[in-house]
Amino acid sequence: LKDVNFYFSLVRYAELDIHRKISQALIQYGYKSKTVSISHLAEAQEAVDRLVRIGLVNSQLSEEWHFYKRTNDSLPEAKTIIIVAMPEMVTRVRFEWQGTSYPADISPNFYYKKDESNAEQALNNVLAPAGYKTVKASLALKTLAVRSGLAEYGRNNITYIDGMGSYYRLAAFYTDFPCQEDSWGEYEMMGVCEGCSLCRENCPTGSIRPDRFLIHAENCLGRLNERQPDFPFWVRLQPDWPGAFIGCMRCQSVCPANEPYHDRVAPGPSFSEEETGWILDATPLEGLSWDTLQKLDNPDGGLYRLLPGNLSALIEKQKMKE
Ligand code: SF4
Ligand code: SF4
């Protein structure tokens, strides 16, 4: 019996060592991670379904999110989900048009290709030699991040991570490595939100309400922008639109929890008069030059679809100010 106990202690030690190595492998890129047991998937699915049933989450929106119905077909023996947070920056691009230069900030997650290769490689480097597999997971990342304790909710329903603020991107991976550190817990709201209502006061559409935690996602410009190729007329009339050129960032830019990270702005490309004209005309991708496609970086990833409407609104608005 002593030998058996000793054996299990060794296994347990080796597994905890793998957890440590996973964190270390990701930290070298500035990433943070948490692990949760795959047994929580059903609970997470039910939590979201409940919100849809009582009308607190728009069912149309929920259909568009990645949920748990498409789960781990690619690794049925998965035991653990690893959630990884990667720091991101706002990208400042420029459009030249009729002799004026229009700077425009594009919020994290919209501009560059979603490249999770570093995270995937780092996990494989640790798990493959130990005989475990890792595959990319398509899940409700925000839910996983907050329930795992990796992130906390702000009053604006944006999630924040210590050391990154709200400027980060999430990815999740399945692995058949047993989950020894299951950090699943309840949602937490950031302590700094107590006694603060800056996001609510500055939201141009009144989407953040004092009487409920969930924002009115159907009015939120950030989400609207993701869903529609052009804005409804009422959006164009908003005096404060846009906080960012693509993806409203007003509630994030006023947030004290983001204070240390406001300088995370990466210079992006500049689009010439000719290129700006193509974009305004919604020229199909095959009609754009190779240079322009390079500048767009990930044109078929949804960004280009949003550009014509957003750019014409930006120029229109700027002209109204002059
Ligand atoms: S602005 Fe204030 S209330 Fe809103 S998320 Fe940030 S800290 Fe919380
Ligand atoms: S993203 Fe913009 S519209 Fe949406 S809640 Fe924040 S401030 Fe309001």
Side-chain angles (χ1 to χ4, degrees), residues 18-36 44 65-66 74-75 78 80-93 105-128 133-154 156-175 177 179 181 183-184 188 190 222-223 226 244 246-247 249 252-253 255 257-268 296-298 301-303:
I18 288 177
H19 271 288
R20 187 181 54 79
K21 284 181 180 163
I22 288 173
S23 296
Q24 283 177 348
L26 293 167
I27 282 170
Q28 67 177 316
Y29 296 106
Y31 301 169
K32 289 189 162 191
S33 64
K34 288 278 184 186
T35 51
V36 294
W65 295 337
H66 294 160
S74 46
L75 187 61
T80 302
I81 301 164
I82 304 171
I83 309 112
V84 181
M86 300 161 275
E88 282 279 8
M89 298 181 102
V90 170
T91 306
R92 184 160 298 155
V93 298
D105 286 353
I106 301 181
S107 59
N109 291 329
F110 273 103
Y111 195 63
Y112 292 109
K113 280 182 188 137
K114 294 190 186 334
D115 182 5
E116 279 111 27
S117 56
N118 284 341
E120 198 160 9
Q121 187 63 50
L123 294 175
N124 269 322
N125 287 347
V126 175
L127 290 164
K133 298 190 209 80
T134 313
V135 297
K136 181 88 196 306
S138 178
L139 295 167
L141 299 171
K142 199 160 141 176
T143 302
L144 283 172
V146 290
R147 294 300 297 264
S148 69
L150 182 60
E152 288 178 311
Y153 267 118
N156 52 6
N157 288 195
I158 300 285
T159 51
Y160 292 78
I161 292 181
D162 191 27
M164 300 182 194
S166 61
Y167 302 131
Y168 64 86
R169 190 155 49 82
L170 293 166
F173 300 87
Y174 294 119
T175 174
F177 172 62
C179 188
E181 287 188 8
S183 53
W184 191 258
E188 293 283 347
M190 289 192 295
R223 291 165 201 247
E226 289 172 37
I246 289 181
M249 291 192 63
Q252 293 176 72
S253 58
C255 177
N258 269 340
E259 187 70 39
Y261 314 110
H262 284 322
D263 59 353
R264 288 193 179 173
V265 180
L296 290 168
D297 193 50
N298 185 22
L303 172 71

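Residue indices begin at 1 and follow the sequence shown.
Within the 4.5 Å cutoff, side-chain heavy atoms of Asp162 are placed close to those of Lys32. A 4.5 Å side-chain heavy-atom check between Thr35 and Thr175 finds every atom pair outside the cut-off. When side chains are defined from C-beta on, Val84 does not count as touching Leu150, because their heavy atoms never get closer than 4.5 Å. The side-chain heavy atoms of Tyr29 and Met86, taken from C-beta on, include no pair separated by under 4.5 Å. A 4.5 Å side-chain heavy-atom check between Ile82 and Phe177 finds every atom pair outside the cut-off.
The main-chain N or O of Met89 is never found under 3.5 Å from a side-chain atom of Tyr261 such that the two would form a donor-acceptor pair.
Across every non-hydrogen atom of Thr159 and Ala151, the tightest pair is CB-CB, 4.0 Å. Closest non-hydrogen pair, Gln252 versus Ser166, comes out as OE1-OG, 2.7 Å. The heavy-atom pair separating Tyr168 from Tyr160 by the smallest distance is OH-N, 3.9 Å. Residue Gly154 comes nearest to Met190 through the heavy atom pair CA-CE, 3.8 Å, listed as atom of the first residue, atom of the second, then distance. Residue Glu116 comes nearest to Ala171 through the heavy atom pair CG-CB, 3.4 Å, listed as atom of the first residue, atom of the second, then distance. Between Val36 and Cys179, the shortest heavy-atom contact is C-SG, 3.5 Å.
Glu181 CD to Ile22 CD1: the interatomic distance, rounded to the nearest 0.5 Å, is 9.0 Å. Going from atom OH of Tyr167 over to atom CD1 of Ile161 covers 14.0 Å, rounded to the nearest 0.5 Å. Atom OG of residue Ser23 and atom CD of residue Gln28 lie 12.0 Å apart, to the nearest 0.5 angstrom. In this structure, Phe173 CZ and Leu75 CG are separated by 13.0 Å, a value rounded to the nearest 0.5 Å. Asn118 CG to Glu120 CD: the interatomic distance, rounded to the nearest 0.5 Å, is 10.5 Å. Separation of atoms OH (Tyr31) and CE (Met164) is listed at 9.0 Å; rounding is to 0.5 Å.
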CA sep, side-chain torsions, deciding dist, call: Tyr174, Thr134, side-chain contact (heavy atoms from CB on, under 4.5 Å): CA-CA 6 Å; Tyr174 294 119; Thr134 313; over 6 Å; no

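Counting only N and O atoms by type, the side chains of Asn125 and Gln121 include a donor and acceptor under 3.5 Å apart.
The number of heavy atoms from other shown groups lying within 6.0 Å of CZ (Arg264) is above 12.
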